[in-house]
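Here the structure comes first, spelled out in structure tokens, and everything after it is commentary.
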Amino acid sequence: MNIYNTLTRRLEEIVPMKRGRIRLFVCGPTVFNFIHLGNARTFVLFDSLAKYLTASGYEVFYLQNITDIDDKTLKVAAQTGVPWQDVSSRFFEEYLRDMKALGVDSVNVYAKATLYMDEIRSQIRRLMNRGYAYETQDGVYFHVEKFRDMGELSGQKLDKVVPGSRVVPSEQKINPVDFVLWKKHKAGEPSWDSPWGPGRPGWHIEDTAITESFFGSMYDIHGGGKDLVFPHHEAEIGQMRAISGKKHLARYWIHGGYLNMGADKMSKSAGNFIMLREALKKYTRQQIRFFLLNANYASDLLYTEELFKASCEALDRIQHAYDMALENVDRRESNTLSTGYYLSRIKGHLDNNFDTRSVFATLLEMSSEIFRTGGRLQGDSASGAIETFQYVDNILGILAQGSAASDTGRIIEGILRLREEFRRRKDFSTSDMIRRILEDSGVRIEDDASGTKWKIG
RNA sequence: GGAUAGGUGGCAGAGAGGUCAUGCGUGGGACUGCAGAUCCCAUUUACUAGGGUUCAAAUCCCUACCUAUCCUCCA
């Protein structure tokens, strides 16, 4: 497939280092709170991408780090009076619950930073040995001037970066943009032993320590939100390439855009965010995934109630056409549909920089064609349409399966047959009463030319 | 100041040299005991401005203007 590579600023064909196998690493959350819808966007993107690569025949290993020790963790621990380990483990569990609720299930390993202290120390030691790191009174720092390609990912020139524009830089650093590898122990903070005294790791070193232990010094794809390009991913590249001397850390860098509220980026510090947990109470996982994927992954996406509603209506059309195809799979009728045409276009869109929005547009075109036939599809066309819907659903996770076959479904169908009998006898007061009672129980009733449809919720 | 990505119809957004996606909204209609839902048709000279290349440009090149983001923890 072709994908936009932040590193080269070009669309590039993905060619794995090891034939048929792709190693994917994505920056996971710092687990000090619930995640919000903006975080979810990134995780849905890479979950879908991993599934697409798998569907395309690759064996994908998807690794994600979990930052379980950080300033923010300690802050929450101090504020709530809970040990920091409990903050991390609790919100890690909550994160897993959220991912499960969203249908994100493609990650092979979630690696917690604190379990990789040996690897972290080893990397810092090697950086020291090679002269890329130096020790001060308060920590160990990466000496950015020593790494010649610093800035290759973001295009930033070292001398043009305005350091500490809002933060006072440490006066002990050689260059103000040098970043910390090891923070020496401060009173009241947790610490681990090291050759530089007790302390805890800097943020950037966690990721390279983790990826090195799983993938070695170089792998295929590194993903994350675009806010991580600079300085975080730049720092990762500096650390690992300084150690390995290789040309790359990852060959392909993929970055997802933000989810914005009005003009502003959704962020916890700005207070303008929607927790994924809250969104899941209001919307289905399919609606959330559809909304998040109904955009160019690299562009910022605007969230408003109105836009979310419009997206849900588009999804309803697709779901409706899918249900129609499912109902017609065994019938013999006269209409045909060129489903092969749609499926190949869909695959083309996914192949072209993972253009999920065009996939949905194509699915909507196919849906319209199904509606125009009145749903009376020939058996082959119906199964072709179903195959197309399910191909997309397996990757993007946007469709609900019909529930008519369940026990509940059979009981509801029975009640509806009773109502139908009253309607046939023109006893509308009784039939309306049945409808009202069903609706009070959360079953939505819709009559149309082909019969009565129902839906829970 | 530096870096990156952009400016497409009422709105949201694909497209990336030559048939104006797709959804919402709006206007008509179909269906229906009612209600709701659903479907169909229409909204076809929309591509920031000015130059240029070309038989042909929203799409390529130059200039200008504007916007967002990053340079601080952040998906």
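Any value given below was found using the heavy atoms of this structure, including those in side chains, with hydrogens, waters and symmetry copies removed.
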Aromatic contact, [X] with [Y] (centres under 6.0 Å):
X      : Y      : result
A:F308 : A:Y283 : yes
A:Y62  : A:F46  : no
A:F34  : A:F91  : yes

Establish, with yes or no, whether the OP1 or OP2 oxygen of [N] is under 4.0 angstrom from a side-chain nitrogen or oxygen of [X].
X      : N     : value
A:R436 : B:A35 : no
A:Y303 : B:A12 : no
A:R357 : B:G15 : no
A:R435 : B:A35 : no

Just call it for [X]: base, sugar-phosphate, or nothing, with non-hydrogen atoms closer than 4.0 Å on any strand.
X      : result
A:D355 : sugar-phosphate
A:E365 : sugar-phosphate
A:Q156 : base
A:F290 : nothing
A:G257 : base
A:D300 : sugar-phosphate
A:A310 : sugar-phosphate
A:G224 : sugar-phosphate
A:N296 : sugar-phosphate

Atom CZ of A:R97 with >12 non-hydrogen neighbours under 6.0 angstrom
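No, CZ of A:R97 has 12 or fewer neighbouring heavy atoms, counting only those of other groups under 6.0 Å.
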Any chance CD of A:Q390 has more than 12 other-residue heavy atoms, nucleotides or ligands included, within less than 6.0 Å?
yes
When you measure from the side chain of [X], which nucleotide among [options] comes out closest?
X      : options             : value
A:H36  : B:U22, B:A75, B:C41 : B:A75
A:L307 : B:C39, B:C24, B:A12 : B:A12
A:F230 : B:C40, B:C71, B:U4  : B:C71
A:L364 : B:A75, B:U4, B:G23  : B:G23
A:D227 : B:A75, B:A5, B:G33  : B:A75
A:N352 : B:G15, B:A5, B:U69  : B:G15
A:K309 : B:G25, B:U4, B:C73  : B:G25

Passes salt bridge (Lys or Arg N to Asp or Glu O under 4.0 Å), A:D393 versus A:R289? Steps please.
CA-CA 11 Å; A:D393 185 44; A:R289 288 185 70 116; over 6 Å; no
Mark yes or no for a side-chain to base donor-acceptor pair under 3.5 Å between [X] and [N], with no hydrogen or angle criteria applied.
X      : N     : result
A:R423 : B:G33 : yes
A:D427 : B:G33 : no
A:T42  : B:A75 : yes

Taking [atom1] from [X] and [atom2] from [N], how many angstroms apart are they, rounded to a whole number?
X      : N     : atom1 : atom2 : answer
A:F360 : B:G15 : CZ    : P     : 15 Å
A:Y297 : B:A14 : OH    : P     : 12 Å
A:I66  : B:A75 : CD1   : C1'   : 12 Å

Start at the 5' end of RNA chain B and walk down; is the nucleotide closest to A:S154 or to A:F428 reached first?
A:S154
Nearest nucleotide by nearest heavy atom, which residue falls closer to the 5' end of RNA chain B, A:K426 or A:S368?
A:K426
Taking all non-hydrogen atoms of both residues into account, name the closest pair between A:R41 and A:N296 and its distance.
NH2-O, 2.9 Å
So, for A:F147 and A:A242, which heavy atoms are closest and what is the spacing to 0.1 Å?
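That closest heavy-atom pairing would be CE1-N, 4.1 Å.
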Report the secondary structure of RNA chain B in dot-bracket form, marking unpaired bases with a dot and bases paired to a different strand with |, and treating Watson-Crick or G-U pairs with both distances under 3.5 Å as paired.
((((((((.[[[..)..(...]]]((((((.......))))))....[[[[[..)....]]]]])))))))....
Check the angle between the aromatic planes of A:F214 and A:Y116 and answer parallel, tilted or perpendicular using the 30° and 60° thresholds.
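Ring orientation of A:F214 relative to A:Y116: tilted.
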